[in-house]
Amino acid sequence: MSIQSQGAEQSGKTMSSYLAPLVREIQPSGIRRFFDLVSGSKDIITLGVGEPDFITPWHVREACVYSLERGYTSYTSNAGTPELREAIAEYLYTSYNVKYNPKDEVLVTVGGSEAIDLALRALIEPGDEILVPVPCYISYSPIASIGGGIPVEVETYARHEFKLQAEDLRAKITPKSKVLILNYPSNPTGGIMTYEDWLPIAKLVEEHDLIVISDEIYSELTYGQKHVSFASIPGMQDRTILVNGFSKAFAMTGWRMGYACGHPDLIYAMLKIHQYTVMCAPVMGQVAALEALKNGLEEKDQMIESYNQRRRLVVQGLRDIGLECHEPQGAFYAFPSIESTGLGSEEFAQRLLLEAKVAAVPGNVFGAGGEGFLRCSYATGVNQLSEALHRMGEFVHRLKQG
């Protein structure tokens with residue numbers, strides 16, 4: 001036992017009593033908690049963690065290796081190398097018609113997650129309300145809470161294809177509302193927003209003087225129509241911190257390369273926090289990210305086409321099983337309703353794992369509106385997906401037979 005532990009024990013305190021109350025109250029990730037059950041199990045087909053099953057393209061890996069051979073092992077500018085920032089700005093302008101100055105409106109971060117954290121910490125004062133459309137990526141509300149903000153959930157619905165509706169957003173706005181977090185294409189629902197969908201949301205943002213954090217990490221993964229960045233809506237660019245990265249579209253999850261773009265004042269505030277926490281993103285990762293943007297677009301498109309084929313397989317397969325499923329237009333998730341089985345999300349997912357050896361994420365971990373749904377990632381091989389659907393079909397049949 002350490003001296004500190006002995007002292008705590010003698011004082012009658014537990015070590016956890018030294019922790020900040022906000023941290024003590026935060027629940028661990030519902031996704032990670034569930035998949036701890038999978039660890040070490042055999043013959044499990046996992047439709048859970050949102051990670052591409054592709055390996056980073058060889059020339060991207062080779063660029064990293066070559067950078068190490070040339071001795072690229074030092075710090076870079078806090079904001080990222082000028083070359084990468086210029087490539088990011090060019091990519092966003094070419095792809096989504098949003099124009100940023102790479103000198104002071106682009107910040108390279110350690111994954112999109114750091115960008116979200118920096119944005120919230122730069123904006124939140126204690127008591128500020130952070131509007132979060134749900135079901136959504138699980139990190140937004142905890143990060144907002146740690147910063148002293150108050151997350152306010154704005155529910156979206158399957159009948160609207162999980163698009164954010166202006167009337168639902170308006171109902172949750174108060175004088176304390178400061179930040180709106182957007183995540184389209186959506187994790188976990190696969191929902192997207194069109195230009196026309198964004199217009200009434202933009203009107204509310206302007207009327208109520210909100211700042212938007214738009215997490216567009218799945219922007220490249222859309223099917224049938226091109227992603228529309230919220231920052232591209234007239235009048236919204238200066239009000240928006242656009243967050244993106246390389247994890248999903250370029251199969252670079254482990255590289256932890258992301259970025260944030262926005263008004264110079266907002267990016268400068270984020271940069272100050274970034275300087276004192278991580279200093280800069282790893283130089284070899286920045287070299288790899290630059291190579292991905294310059295020479296990896298063809299492989300990116302091939303991966304997206306593969307996801308599209310799997311998407312059609314999984315959605316039709318779930319419907320054939322008897323699970324109602326809206327058609328996801330983005331990301332790589334299907335979000336079927338399991339209400340017809342009579343089970344709640346948590347029980348369904350646990351029994352599916354134990355009885356059918358298929359792991360998927362219960363929808364309730366993604367916030368209000370997620371209960372009664374299941375998140376199934378189709379970022380895995382076709383053979384595995386087909387087998388998972390077969391097992392799920394037998395499992396659902398047994399449930400309905402009673």
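Source: prediction; values computed, not measured.
One distance of note links CE of Met257 with CE of Met284; it measures 10.5 Å at 0.5 Å rounding. Rounding to the nearest 0.5 Å places OH of Tyr223 at 11.0 Å from CD of Gln309. In this structure, OG in Ser345 is found 8.0 Å from CD in Glu339, a value given to the nearest 0.5 Å. Between atom CG of residue Asn187 and atom CD1 of residue Ile138 there is a gap of 8.5 Å, rounded to the nearest 0.5 Å. Atom-to-atom distance recorded for Glu153:CD and Glu155:CD is 8.0 Å, nearest 0.5 angstrom. A distance of 8.5 Å separates CZ of Arg351 from CZ of Arg398, quoted to the nearest 0.5 Å.
Annotation: side chain of Leu123 is in contact with side chain of Ile241 (closest heavy-atom distance under 4.5 Å). Between Leu169 and Leu180 the shortest side-chain heavy-atom distance falls below 4.5 Å. In this structure, Phe366 and Cys136 have side chains that are not in contact, with every pair of non-hydrogen atoms separated by 4.5 Å or more. At least one side-chain heavy atom of Tyr96 sits under 4.5 Å from a side-chain heavy atom of Tyr91. Counting only heavy atoms from C-beta outward, the side chains of Met392 and Leu318 approach each other to under 4.5 Å. Contact check for Arg85 versus Leu107: no side-chain heavy atoms found under the 4.5 Å cut-off. Put simply, the side chain of Ile130 reaches to within 4.5 Å of the side chain of Ile124, judged on heavy atoms. Annotation: side chain of Leu68 is in contact with side chain of Thr73 (closest heavy-atom distance under 4.5 Å).
Around atom NZ of Lys226, more than 12 heavy atoms belonging to other residues, nucleotides or ligands sit under 6.0 Å away. More than 12 heavy atoms of other shown residues, nucleotides or ligands fall within 6.0 angstrom of atom CD in Glu355. For CG of Leu354, the number of neighbouring non-hydrogen atoms (other residues, nucleotides, ligands) closer than 6.0 Å is greater than 12. Residue Glu387 places its CD atom among more than 12 non-hydrogen atoms of other residues, nucleotides or ligands, all under 6.0 Å distant. At most 12 non-hydrogen atoms from other residues, nucleotides or ligands lie less than 6.0 angstrom from CD of Glu298. More than 12 heavy atoms of other shown residues, nucleotides or ligands fall within 6.0 angstrom of atom OH in Tyr157. Within a 6.0 Å radius of CD in Glu90, other residues, nucleotides and ligands contribute 12 heavy atoms or fewer.
Between the side chain of Arg310 and the backbone N or O of Leu385 there is no donor-acceptor pair closer than 3.5 Å. Side chain of Gln286 to backbone of Thr81: a donor-acceptor contact under 3.5 angstrom is found. Asp320 contributes no side-chain N or O that, together with a main-chain N or O of Gly317, makes up a donor-acceptor pair within less than 3.5 Å. Remark: side-chain polar atoms of Lys163 are paired, donor with acceptor, to backbone N or O of Ile192 under 3.5 angstrom. Of the possible donor and acceptor atoms, none in the side chain of Trp255 sits under 3.5 Å from a partner among the backbone N and O of Ser247. Under a 3.5 Å cut-off, the side chain of Arg239 and the backbone N or O of Val212 do not form any donor-acceptor pair. The backbone N or O of Cys325 lies less than 3.5 Å from a partner atom in the side chain of Arg319, making a donor-acceptor pair. Counting only distance, with no hydrogens or angles, the side chain of His274 and the backbone of Asn78 share a donor-acceptor pair below 3.5 Å. In this structure, the side chain of His263 engages the main chain of Asp265 through a donor-acceptor pair within 3.5 Å. At least one donor-acceptor pair under 3.5 Å links the side chain of Thr56 to the backbone N or O of Ala251.
Listed here is the closest heavy atom pair of Ala260 and Met270: CB-CE, 3.6 Å. Across every non-hydrogen atom of Pro264 and Glu105, the tightest pair is CD-OE2, 3.3 Å. Considering all non-hydrogen atoms of both residues, Phe250 and Ala292 come closest at CE2-O, 3.5 Å. Nearest heavy atom pair, residue Ala249 against residue Glu220, reads CB-CB, 3.6 Å. The heavy-atom pair separating Ala331 from Pro185 by the smallest distance is N-CB, 3.7 Å. The two residues Val134 and Ala368 come nearest to each other via the heavy atoms CG2-O, 3.3 Å.
A salt bridge does not link Lys248 to Glu51: none of the charged side-chain nitrogens sits closer than 4.0 Å to a carboxylate oxygen. A salt bridge links Arg391 to Asp43: at least one charged side-chain nitrogen sits closer than 4.0 Å to a carboxylate oxygen. The pair Glu125-Lys178 meets the salt-bridge criterion, since a charged nitrogen lies less than 4.0 angstrom from a carboxylate oxygen.
With ring centers used as reference points, Tyr378 lies 6.0 Å or more from Tyr333. Taking the centre of each ring, Phe395 and Phe348 come in below the 6.0 Å mark. Ring to ring, Tyr100 and Tyr259 are not that close: their centroids are 6.0 angstrom or more apart. Between Phe332 and Tyr218, the distance from one ring center to the other falls under 6.0 angstrom.
A side-chain N or O of Ser219 and one of Asn244 form a donor-acceptor pair less than 3.5 Å apart. Judged purely by distance below 3.5 Å, without hydrogens or angles, the side chains of Asp215 and Tyr140 pair a donor atom with an acceptor atom. Between the side chains of Glu216 and Ser229, at least one donor N or O lies within less than 3.5 Å of an accepting N or O. A donor-acceptor pair shorter than 3.5 Å cannot be found between the side chains of Thr194 and Gln225.
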Practice task
Please assess Ser113 against Tyr137 for the test side chain to side chain contact (heavy atoms under 4.5 Å, CB included), listing each intermediate value before the final yes or no.
Solution key: CA-CA 11 Å; Ser113 296; Tyr137 177 54; 3.7 Å; yes
Exercise for the section: Dump the intermediate steps for side chain to side chain contact (heavy atoms under 4.5 Å, CB included) on Arg375 and Leu47, then the final yes or no. Expected result: CA-CA 8 Å; Arg375 192 190 78 172; Leu47 308 180; over 6 Å; no
Exercise for the section: Please assess Ile213 against Leu182 for the test side chain to side chain contact (heavy atoms under 4.5 Å, CB included), listing each intermediate value before the final yes or no. Expected result: CA-CA 6 Å; Ile213 300 172; Leu182 299 172; over 6 Å; no
Handout entry: Residue pair Cys261, Val98: steps toward the side chain to side chain contact (heavy atoms under 4.5 Å, CB included) verdict
Key = CA-CA 10 Å; Cys261 303; Val98 283; over 6 Å; no
Exercise for the section: Take His326 and Phe335 through the ring pair (Phe, Tyr, Trp, His ring centres under 6.0 Å) test and state the conclusion after the steps. Expected result: CA-CA 7 Å; His326 87 103; Phe335 202 59; 7.7 Å; no
Exercise for the section: Apply the test ring pair (Phe, Tyr, Trp, His ring centres under 6.0 Å) to residues Tyr307 and Phe54: give CA-CA distance (whole Å), side-chain angles for both, the deciding distance (0.1 Å), then the verdict. Expected result: CA-CA 11 Å; Tyr307 291 137; Phe54 297 101; 5.6 Å; yes
Exercise for the section: May I have the step-by-step check of salt bridge (charged side-chain N to carboxylate O under 4.0 Å, His left out) for Glu129 and Lys172, ending in yes or no? Expected result: CA-CA 10 Å; Glu129 292 181 352; Lys172 294 299 181 77; over 6 Å; no
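Considering Val314, Leu313, Ile45 in turn, Leu313 is the only one that fulfils the side chain to side chain contact (heavy atoms under 4.5 Å, CB included) rule with Ser386.
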